[in-house]
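Written below as structure tokens is the structure these notes are about.
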Amino acid sequence: MVTFSIFEKPGRAAMLLALFVFRAIASDDLASIAERARQFMEAHQFEQAIPLCRELVKAEPGNPGLLMNLALAEHMAGHEKESIPHFEAVLRSEPNLLPALLSLGAARLSLDQPAEAIVPLNKAVAADPKNTDARGMLADALAESGRFDDASAQFRKLTELTPQDARAWYGLGTAYESIARATFDRMQKMNPESPYVLALVADTRAQKRQYRSAFFFYKQALDKVPNLH
């Protein structure tokens, strides 16, 4: 499997939501706990925030904002397996919540589950087409799932959105290389003696400066199709 993973998860941006929903607390006691959790999360001390977020969710289980905070804290602390069911629960009540979609996709990618990351990242891109983090992770997920045609389309769009970003061009080039290899493999399986397969093999040998071997395959190809360019 080819692994790209050139775009980073956008967890810091998603923290804006967490800082907002901490205000939606019913009681003074819970508000005090929420304030401590907010301070930990602002300081990027996510491990310390997790037990406080759990306490808040236990006290107000129907509050999707508090559950989102817990999922974010777990995600940012590297507890991806624990965060995934919480992100999924949030999305059941808020299906188009962009930070949850992005973070769920990032968590799936972190666990080497690219196929499972595609659906939430597709939704994230549909919700915010100019979000390069979402599109970059989607391109990675598609490439790591072997869907190189779809990945190349996403990387092409990224080069249009961020023409100076070398990562997008690198991803596009690597996706094209993977498409070429897959096409060549299909050609070999269909007809390994095809003059076009022989010519491609010759091209590869010539690029590696294996000229004697390249000449041999070029000659075989020309014997089959004398006017082959």
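- Annotation: side chain of Y170 is not in contact with side chain of D165 (no heavy-atom distance under 4.5 Å).
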>> Run Y196 and K224 through side chain to side chain contact (heavy atoms under 4.5 Å, CB included) and show every step you take.
In response: CA-CA 10 Å; Y196 303 101; K224 294 176 179 291; over 6 Å; no
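- The backbone N or O of P163 lies less than 3.5 Å from a partner atom in the side chain of W169, making a donor-acceptor pair.
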> Under the side-chain hydrogen bond (donor to acceptor under 3.5 Å, both in side chains) criterion, do T159 and R156 qualify, and how do the steps go?
Replying inline: CA-CA 5 Å; T159 62; R156 277 198 304 273; over 6 Å; no
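- Residues F216 and Y211 do not share a hydrophobic cluster, defined by chaining ILVMFWY side chains whose heavy atoms lie under 4.5 Å apart.
- With rounding to the nearest 0.5 Å, the separation of CG in L66 from CD1 in I33 is 10.5 Å.
- One distance of note links CZ of R167 with OG1 of T132; it measures 7.5 Å at 0.5 Å rounding.
- In this structure, the side chain of R135 engages the main chain of P129 through a donor-acceptor pair within 3.5 Å.
- A salt bridge links D223 with K219: the closest approach of a Lys/Arg side-chain nitrogen to an acidic carboxylate oxygen falls below 4.0 angstrom.
- The distance from atom CD of Q210 to atom CD of Q207, rounded to the nearest 0.5 Å, is 11.0 Å.
- No chain of hydrophobic side-chain contacts below 4.5 Å, direct or via other Ile, Leu, Val, Met, Phe, Trp or Tyr residues, connects V119 to L142.
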>> Go through it in stages, so that I can follow the logic: the residues are Q45 and Q39, the test is side chain to side chain contact (heavy atoms under 4.5 Å, CB included), and I'd like the CA-CA distance, side-chain angles, deciding distance and then a yes or no.
In response: CA-CA 8 Å; Q45 296 176 337; Q39 291 174 357; over 6 Å; no
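- Cluster annotation: V201 is not connected to Y218 through the hydrophobic network of ILVMFWY side chains, with a link wherever side-chain heavy atoms come within less than 4.5 Å.
- In this structure, CG in L52 is found 11.0 Å from CG in N69, a value given to the nearest 0.5 Å.
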> What do the steps show when you test E74 against R54 for side chain to side chain contact (heavy atoms under 4.5 Å, CB included), and what is the final call?
Replying inline: CA-CA 10 Å; E74 291 168 332; R54 285 176 181 160; 3.9 Å; yes
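- The minimum heavy-atom distance between A107 and H75, with the atom names listed, is N-CE1, 3.9 Å.
- The hydrophobic clustering, which links ILVMFWY residues whose side-chain heavy atoms are closer than 4.5 Å, places L104 and L111 together.
- Scanning all heavy atoms of the two residues, the minimum distance from S103 to F87 falls at CB-CZ, 3.3 Å.
- The CD1 atom of I50 sits 11.0 Å away from the CG atom of L72 when rounded to the nearest 0.5 Å.
- Judged by distance alone, with hydrogens and angles left aside, the side-chain atoms of S93 form a donor-acceptor pair with the main-chain N or O of V90 at under 3.5 Å.
- Under the 3.5 Å distance criterion, the side-chain polar atoms of S145 are left unmatched by any main-chain donor or acceptor of R147.
- Here the closest non-hydrogen pair linking L30 and L56 is O-CD2, 3.5 Å.
- Closest non-hydrogen pair, A100 versus L91, comes out as CB-CD2, 3.7 Å.
- Contact between L109 and A117 at its shortest, heavy atoms only, is CG-CB, 4.0 Å.
- Contact annotation: the side chain of E144 approaches that of D112 to within less than 4.5 Å [non-hydrogen atoms, C-beta and beyond].
- No continuous path of ILVMFWY side-chain contacts below 4.5 Å connects L98 to L161, so the two sit in separate hydrophobic clusters.
- For the pair P120/K123, no side-chain contact is recorded, criterion being any heavy-atom separation below 4.5 Å from C-beta on.
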>> With side chain to side chain contact (heavy atoms under 4.5 Å, CB included) as the criterion, how do L101 and L121 come out once you've worked through the C-alpha distance, each side chain's angles and the decisive distance to 0.1 Å?
In response: CA-CA 6 Å; L101 292 168; L121 292 174; over 6 Å; no
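- Here the CZ-CG distance, from F155 to D150, works out to 12.0 Å after rounding to the nearest 0.5 Å.
- Counting heavy atoms from C-beta outward, Q48 and R36 have side chains that stay 4.5 Å or more apart.
- Between L158 and A168, the shortest heavy-atom distance links the atoms CB-CB, 3.8 Å.
- Classification of E55 and K58 as a salt-bridged pair fails, no side-chain N sitting under 4.0 Å from a carboxylate O.
- Heavy-atom contacts from other residues, nucleotides or ligands closer than 6.0 Å to CD of E160 number more than 12.
- With a 4.5 Å cut-off on side-chain heavy atoms, C53 and M41 count as touching.
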